[in-house]
Amino acid sequence: MGALRRLSSPAGLRRLWSRAAHLALDVALPTLCVACREPVAGEGLCPQCWSQLSFIAPPYCEKLGIPFVYDPGPGILSMQAIADPPAYARARAAVRYDEVAKTLVHALKFHDGVDLAPTMGRWMAHAGEPLLRDADLLIPVPLHWRRGFSRRYNQSGALARAISKQTQLPVAVEALKRVRPTAHQIGLSRAERAANVQGAFKVPPDRKAEVQGRRIVLVDDVLTSGATVDACARALLRARAQSVDVLVFARVVDTLKSPI
C-alpha cells in the first residue's frame, strides 16, 4: 500500500511520466553510430566503423606522438622531432587521421556535430592521460571571430569542454586569441602552413596572469604539419606559460616515412 501511495503521489506520477517519455524517445530515436549514423546498440561506433578506426598506442615518439612500427626502446624520438623540434613539449592524438576519423572531424567541424564531442573527448582524455595528469589548464585552439561567427561554435572548444568533464581541468577559452584571419591550411605545403599562421595568435594582456606559470594542454581536432599548434604554443610560452603540451583527436601519420 505504501508503494502504491508513493506512485500515486504527484512526485511519483512525474517520475513515471519521465520514464515513459524517455522510453518513448529511445524507441523513436535509436542511438546512432557517431561515424556512419546507422542505428547501434549503446553509444559510440558500430562494429564496422570501430574496426576501421585506428587508435594510436605506444610505441610512439615521446615528443610528437608519431607511432613507431616497432618498439625502439624508451625515450626514442622520431626523425621529424629531431630535425625540426616544435615549441611544445609533447603531442598526443587519440587516432590516426583515416577515413572514419575524417568523417568524425568533418561532422564535428562543418555539420553541427557537437553531439560527437563527448565521445571524441573521452578517447582524447584516455590518449592524453599522461599530459592531463600534469596539467593545470586546457586551452582550445581559437578561431578568428569572423570564422567563429559563421560556424557558430569552435570545435576545439567543444572537445576541450568534453575533456574537462572527464578530468575536472578548467578550460580557458579566452586565454588565447587568433588576432588575424588565416587561410585554410588544406592544400598548403609545410612551409606555407607555417607562414600562414605566423603571428596569428596572441595572449591578451588581461589574460597573461591566467597563463603565466601554468602547465597548459592545447586542444585541437587534427594535427597535420603541426604549424598551427606550434604557433599557439609559441604565443603561450611568450606569455610565460611553464609548459605547453598538445592533445588532438586525430593526427596525420605518413606511413611512407621511416620514424627513426
Side-chain angles (χ1 to χ4, degrees), residues 54-97 101 105 120-142 156-157 159-160 162-164 166-172 175-176 190 193-194 197 201 203 210-254 257-260:
S54 181
F55 287 89
I56 295 176
Y60 45 59
C61 169
E62 288 295 322
K63 179 167 282 289
L64 299 182
I66 298 172
F68 292 145
V69 294
Y70 62 91
D71 190 351
I76 299 298
L77 301 182
S78 62
M79 290 180 64
Q80 183 178 335
I82 295 169
D84 188 19
Y88 52 85
R90 298 170 292 179
R92 296 291 182 268
V95 299
R96 293 173 184 247
Y97 191 59
V105 168
M120 296 165 72
R122 283 197 302 271
W123 295 339
M124 292 169 69
H126 177 73
E129 194 276 333
L131 281 58
L132 298 167
R133 189 195 317 132
D134 298 335
D136 301 312
L137 190 64
L138 302 172
I139 295 182
V141 170
S156 299
L159 292 172
I163 295 167
S164 176
Q166 297 291 313
T167 62
Q168 309 308 311
L169 285 169
V171 180
L176 185 64
R190 187 179 185 86
R193 286 171 180 262
V197 295
F201 301 97
V203 175
E210 200 170 358
V211 168
Q212 189 171 359
R214 311 298 291 280
R215 296 167 298 181
I216 293 168
V217 171
L218 192 64
V219 178
D220 205 3
D221 53 353
V222 179
L223 194 156
T224 306
S225 70
T228 298
V229 290
D230 196 65
C232 289
R234 291 180 188 279
L236 292 167
L237 291 169
R238 282 196 298 270
R240 302 198 176 179
Q242 179 177 325
S243 64
V244 180
D245 290 320
V246 173
L247 180 57
V248 299
F249 171 66
R251 72 159 300 131
V252 173
V253 177
D254 188 347
K257 291 184 179 179
S258 173
I260 60 173

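The analysis underlying the following values was restricted to heavy atoms, covering all of them including side chains, and did not include hydrogens, waters or symmetry mates. As the structure is a computational prediction, the values presented were derived from the model and not from experiment.
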Closest non-hydrogen atom pair between [X] and [Y], with its separation:
| X | Y | answer |
| --- | --- | --- |
| K63 | A89 | NZ-O, 3.1 Å |
| V203 | A175 | CG1-O, 3.4 Å |
| E210 | A172 | OE2-CB, 3.3 Å |
| L64 | S78 | CD1-OG, 3.8 Å |
| C232 | L218 | CB-CD2, 3.4 Å |
| L131 | V246 | CD2-O, 3.5 Å |

[X] side-chain N/O to [Y] backbone N/O, donor-acceptor pair under 3.5 Å:
| X | Y | value |
| --- | --- | --- |
| D220 | V248 | no |
| D221 | S156 | no |
| R92 | A127 | no |

For a 4.5 angstrom cut-off between non-hydrogen side-chain atoms, does [X] reach [Y]?
| X | Y | result |
| --- | --- | --- |
| F249 | V222 | no |
| I66 | Y60 | no |
| R96 | I56 | yes |
| L159 | M120 | yes |
| L169 | I163 | no |
| Y88 | L237 | no |
| V219 | V171 | no |
| M124 | V217 | no |

* **R133/E129 under side chain to side chain contact (heavy atoms under 4.5 Å, CB included): CA gap, chis, key distance, verdict** => CA-CA 6 Å; R133 189 195 317 132; E129 194 276 333; 2.7 Å; yes
* **Option from I76, I82, L77 for which side chain to side chain contact (heavy atoms under 4.5 Å, CB included) with C61 holds** => L77
So, taking the atom named [atom1] in [X] and the one named [atom2] in [Y], what distance separates them when rounded to the nearest 0.5 Å?
| X | Y | atom1 | atom2 | answer |
| --- | --- | --- | --- | --- |
| L132 | D245 | CG | CG | 9.0 Å |
| L223 | Y97 | CG | OH | 12.0 Å |
| L236 | Q242 | CG | CD | 13.0 Å |
| I139 | L176 | CD1 | CG | 6.0 Å |

